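Working notes for the structure below.
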Amino acid sequence: MDTAIAVKGFIVNDEGELLVLQRASTDVQEPGDWEIPGGRLDAGEHPELGLKREIEEETGIEVEVICPLGTDHFT
């Protein structure tokens, strides 16, 4: 079984607003659901760099990772 590591990030602007994205209606997983941006890391990729990459790929926004909040393990 392949193992993948995923990262997600809370993006809050200067006004305290949280960015959430809606999945496309054609998405295979949970179409139309709302979520915070993120995605899977590439093999050997540092989590903070992967999070920055995923957020930029999904939103076009360059972010600064301030502090990790926590980790979860799931299958």
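The model shown is predicted, which means the values in this text are computed figures rather than measured ones. All values below were derived from every heavy atom in this structure, side-chain atoms included, with hydrogens, water molecules and symmetry-related copies excluded. Throughout, numbering of the chain's residues begins at 1 and tracks the sequence.
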Side chain to side chain donor-acceptor pair (under 3.5 Å) pairs, two or more places apart, involving residues 24-33: Arg23-Asp27
Val28 and Pro31: which non-hydrogen atoms are nearest, and at how many Å? O-CD, 4.2 Å
Glu35 and Lys8: which non-hydrogen atoms are nearest, and at how many Å? OE1-NZ, 3.1 Å
Residues sharing Ile61's hydrophobic cluster, by side-chain heavy-atom contacts under 4.5 Å among ILVMFWY, directly or via others?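 Ile61 shares its hydrophobic cluster with Ile5, Val7, Ile11, Leu19, Leu21, Leu41, Leu51, Ile55, Val63, Val65.
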Taking the side chain as every heavy atom from C-beta outward, state whether Glu57 and Pro37 have any atom pair closer than 4.5 Å.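 Sidechains of Pro37 and Glu57: no contact.
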Just wondering, do Leu49 and Pro47 contact through their side chains at under 4.5 Å, heavy atoms? no
Distance (rounded to the nearest 0.5 Å) between Glu58 CD and Arg53 CZ: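 Those atoms lie 9.5 Å apart.
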Give, for atom CD of Glu54 and atom CZ of Arg40, the distance between the pair rounded to the nearest 0.5 Å.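 Rounded to the nearest 0.5 Å, the CD-CZ separation comes out at 10.0 Å.
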Verify, without hydrogens or angle tests, whether Gln22 (side chain) and Gly32 (backbone) share a donor-acceptor contact under 3.5 angstrom.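 Side chain of Gln22 to backbone of Gly32, a donor-acceptor pair under 3.5 Å: yes, one is there.
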